[in-house]
Structures are given as C-alpha cells and as structure tokens.
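Right, one structure below, let's go through it.
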Amino acid sequence: MHRSDPKFQGRIVHVNLGRRSYPIYIGSHILPDFGPFFTQNCPSKHAIVVTDDNVKPIYAEMLLNSLAEQNLESHLVSVPPGESSKQMAVLEHLYDKMFDFAAERSDCVIALGGGVIGDLAGFLAATFKRGLNFVQVPTSLLAMVDSSIGGKTGINHPRGKNMIGSFYQPKMVFADTDTLKTLPPRELGCGLAETVKHAIIRDAGFFATLEQNTQAVTTLQKNTLIDLVERNCQIKAAVVSADEHEAGLRGILNLGHTVGHAIETTLKNLDFHHGEAVSLGIVAALRLALSRKLLDERSAQKILLLLQKLQLPTHIQGPINSADLYQAMLQDKKVKHGKINFVLPTGIGSCDFINDLSEPEILTAVDSLTQPAT
Ligand code: NAD
Ligand code: GLY
C-alpha cells in the first residue's frame with residue numbers, strides 16, 4: 001500500500017480500488033510542484049479549480065502557476081467558506097460556471113480547500129456531464145486525514161447532512177502539510193477529532209502516539225504532522241480499499257457521526273463545526289458502549305482525556321432537545337428497517353456495530369452530553 005516514488009520527496013499512500021486506484025501524496029511545501037504529478041495521474045488538459053474565499057487568496061495562485069508551467073489551461077471559481085456552501089444553490093452556481101468555462105468531459109475539477117470544498121467540488125465533478133476527472137488538494141487537516149480520501153462526495157439537504165451525494169473517486173490526492181500553517185487552530189482541532197476516531201477504531205499504537213505527542217501535533221511540528229497525516233491515510237485507505245461503497249466494514253468510519261450529524265443538523269444555533277460535532281458523537285458512543293458493558297471504564301477515560309487535551313468539546317452547554325436529535329438520527333444513511341446502526345468502541349483500537357439500541361438508551365446518552373464530562 002505504501003511505497004516510495006523516486007520523483008517525489010515525501011510519502012505516498014495508495015488507495016487500491018482496481019481501475020479506480022489512486023495515490024495520496026503527502027509532503028511539506030509540495031504545492032508548487034503540483035503540476036507534474038497532476039500530469040502523471042490525470043489525462044486532462046484543462047482544469048477547473050474550485051476553492052473558497054479563505055483559501056483562494058493564500059493558495060490559488062501557487063496551484064494555477066504550477067498548472068501553467070505544464071502548459072495546462074485552468075479556470076478558478078471560489079465560493080463562500082463554511083458548511084453553508086454545501087447546498088443546492090451553490091452547486092447550481094458552480095454548474096453555471098462550468099457552462100461559462102465550456103467545461104468538457106475530459107476536463108478535471110480540482111478541489112482546493114477543506115472538506116466542504118472537497119465534498120462540493122467532488123459532487124460537481126461526479127454529476128456535470130455525467131462525470132469529469134477529479135483531483136483533491138486538501139488544505140485543512142480534516143480534509144487531509146479523512147474527507148479527501150475514499151470518494152464520498154455530496155451536499156446537505158435542510159433535513160439532513162450529506163443526504164444528496166455519490167461515491168466518486170479522485171484521480172489523486174495531493175496534501176501539502178505546509179498549508180496547515182494558515183489553518184485556524186479551531187479547524188486543526190476538527191481534523192484531530194477524525195484522527196482520534198481513526199485511532200480508536202483501528203490502531204491502539206497510534207492512539208498512544210497521539211497521547212504522547214499532543215504538544216508536537218498542536219504546534220504543527222513538521223515531521224509529527226507528516227507522520228500523523230500518513231497514518232490516518234493508511235488507516236482510511238485500507239478500510240476504503242476493502243469496502244468502497246460501505247457495504248459493511250467502511251461503516252466503522254462513522255464512529256461519532258450518527259450523533260455528530262444529528263447535532264450539525266438540529267443544533268445549528270450552537271455552530272459546532274463538523275469535527276467538534278464528531279467529538280461529541282464519540283463521547284455519546286463512549287456512554288453507550290459503557291452502558292452496554294462493551295468498553296472498560298479505563299479506556300473510556302483515556303479517550304475522553306485525549307479529546308479534552310486536544311481542546312475538543314466533550315459536552316454541550318445549554319439545553320438540547322434530545323427528541324429532535326433522535327428524529328434526525330432516524331434519517332441517518334445507516335438506518336436499516338428503522339433501526340439506527342451505531343458504531344461503538346469495544347476497546348482502544350477496536351469497535352463493533354450495534355443495531356439494537358432502544359430509543360430510551362439513545363436518548364439517555366444524548367442527554368448526558370449536557371453534563372460536563374469527567
Ligand atoms: P471546511 O472546508 O469548512 O474548512 C474549515 C475552514 O478552514 C474554512 O473556513 C476554510 O475556508 C478554512 N481553511 C481550509 N484550509 C485552510 C488553510 N490552509 N488556511 C486557512 N484557512 C483554511 O471544513 P473541514 O473541516 O475541512 O471539512 C468539513 C466538511 O468535510 C464537512 O462538510 C464534512 O461533512 C465533510 N467530511 C466529508 C468526509 C468525506 O468522506 N467526504 C469525511 C469527513 C468530513
Ligand atoms: N467519513 C466516513 C467515510 O468516508 O466513510
């Protein structure tokens with residue numbers, strides 16, 4: 001899965017999906033060298049770069065110059081930053097721009113930004129003219145460790161998160177960890193929530209490394225960051241390579257997301273970002289696992305402590321309507337025959353699917369989020 005490429009001074013992780021396989025390039029200050037790797041992995045001669053208004057002034061020129069050096073034509077389109085851009089009106093605006101740019105099927109959509117841009121631009125690429133080439137250039141930690149890998153693309157519906165979408169794999173992922181220097185600390189935390197998720201479900205050793213290196217991670221030590229992004233990519237690539245369309249195993253990547261997505265959908269006024277909602281969802285999953293005696297108290301404490309050390313939310317201040325949250329959970333994509341399918345940790349490094357939790361058990365766990373976690 002992981003081999004070195006003579007021309008690339010960084011790490012490469014491979015997502016193995018037969019004809020849809022692709023490399024993830026990870027390195028420091030690699031964005032100026034994007035062009036040759038684009039040419040190597042994507043046959044397009046014309047690119048449409050989709051970004052947001054925060055990322056555009058910092059990184060768009062570097063990317064466009066690198067494409068121009070390879071004699072590739074490009075167009076740039078930017079949308080407002082934030083989750084609210086993952087909506088139909090913004091997607092329609094992007095379809096219009098594709099007509100303005102005379103985009104053809106052989107062209108490539110490049111997502112330059114965080115997970116919002118990756119999901120939105122990926123769905124644009126999947127659907128315009130029934131599919132163009134697609135490349136991910138993640139610039140947030142969350143996008144580097146999670147959303148740019150695995151081909152889940154889409155937008156939100158007012159009644160549910162990520163409800164309109166498709167599986168559509170990129171031709172490559174190109175992650176320059178230097179771009180994280182300009183990422184707001186709150187957004188770094190969001191990427192760390194998905195990182196803790198990967199460690200809990202798959203890798204006790206990685207969890208211990210995170211516990212020991214909290215300071216190096218939060219202060220963006222170059223080698224620590226590259227190791228961290230690489231390990232996350234290896235974990236996610238292995239799961240996606242085994243189960244691309246989430247027929248089974250891939251569901252474990254949803255630890256913390258059943259409650260997390262419901263929080264994002266119903267508690268918009270509290271403005272939790274995706275990774276923060278996932279952190280709260282992991283806490284709810286811990287409570288459910290403890291009440292079912294699937295997880296020991298000591299492991300639950302260690303997980304809680306790591307989330308807190310990483311400055312992630314572990315409780316919600318203020319009243320919540322847990323019945324509303326429960327209704328939102330019933331819209332979850334993993335609901336089958338009316339039963340919510342939860343991923344619960346069974347230790348550090350392992351988890352299981354549990355689909356027989358009763359409504360009162362779930363409501364109790366959700367209500368407990370309003371109590372400060374100790
Ligand atoms: P985001 O895309 O909104 O980025 C967070 C903020 O950081 C934005 O304001 C953005 O403009 C800014 N930003 C990004 N990179 C920057 C940089 N280098 N310097 C300065 N500012 C920068 O949010 P996110 O946390 O990256 O992604 C969250 C989204 O990802 C959610 O919509 C979530 O549903 C989705 N997601 C998708 C998958 C998947 O598999 N497709 C997995 C996890 C999450
Ligand atoms: N973020 C969950 C998945 O990609 O399957």
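Any value given below was found using the heavy atoms of this structure, including those in side chains, with hydrogens, waters and symmetry copies removed. Indexing begins at 1, ligand by ligand and atom by atom, following the structure's order. Along the sequence shown, residues carry numbers from 1. From a predicted model like this one, the values you see are computed outputs, not experimental measurements.
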**Message:** Judged on heavy-atom distance to atom 6 (C) of ligand 1, which of K152, E276, E194, E187 sits nearest?
**Reply:** E187
**Prompt:** Backbone N or O of A328 within a donor-acceptor pair of the Q331 side chain at under 3.5 Å?
**Reply:** no
**Fill in**
Note: ligand 1 atoms sitting under 4.0 Å from heavy atoms of N54 are 9 (O), 10 (C), 11 (O)
**Asked** Under a heavy-atom criterion of less than 4.0 Å, does H273 contact ligand 1?
**Response** no
**Request:** Please say which of M163, K161, M88 ends up in a side chain to side chain contact (heavy atoms under 4.5 Å, CB included) with I155.
**Result:** M88
**Item:** Proximity flag S85 to ligand 1, non-hydrogen atoms under 4.0 Å
**Value:** no
**Asked** Counting from 1, what ligand 1 atoms have a heavy atom of N162 closer than 4.0 Å?
**Response** 34 (O)
**Request:** Tell me which one of V145, L142, L183 gets a heavy atom nearest to atom 16 (C) of ligand 1.
**Result:** L183
**Request:** Please check if the side chain of H257 supplies one atom and the backbone of L255 the other of a donor-acceptor pair under 3.5 Å.
**Result:** yes
**Item:** Atoms in ligand 1 with a heavy atom of K86 nearer than 4.0 Å
**Value:** 31 (C), 32 (O), 33 (C), 34 (O), 35 (C)
**Prompt:** If hydrogens are left out, which of R250, E244, H274 has an atom nearest to atom 5 (O) of ligand 2, that is, the closest non-hydrogen atom?
**Reply:** R250
**Proximity flag K236 to ligand 1, non-hydrogen atoms under 4.0 Å** = yes
**Prompt:** Looking at ligand 1, does any of its N/O atoms fall within less than 3.5 Å of an N/O of K161?
**Reply:** yes
**Complete:** Near D52 (heavy-atom distance under 4.0 Å), the atoms of ligand 1 are 10 (C), 11 (O)
**Message:** I need the atoms of ligand 1 closer than 4.0 Å to a non-hydrogen atom of Y59, numbered in the order shown.
**Reply:** 18 (N)
**Fill in**
shortest atom 4 (O) of ligand 1-to-protein heavy-atom contact is with G114 CA, 4.1 Å
**Asked** Which part of V240 is near ligand 2, with near meaning a heavy atom under 4.0 Å away: side chain, backbone, both or neither?
**Response** neither
**Request:** Look at the aromatic rings of H75 and H46 and report parallel, tilted or perpendicular, splitting at 30° and 60°.
**Result:** perpendicular
**Fill in**
If you compare E83, H274, R186, H261 by their heavy atoms, the one closest to atom 32 (O) of ligand 1 turns out to be E83
**Request:** Any atoms of ligand 1 less than 4.0 Å from a non-hydrogen atom of T139? List them with their elements.
**Result:** 14 (C), 15 (N), 16 (C), 17 (C), 18 (N)
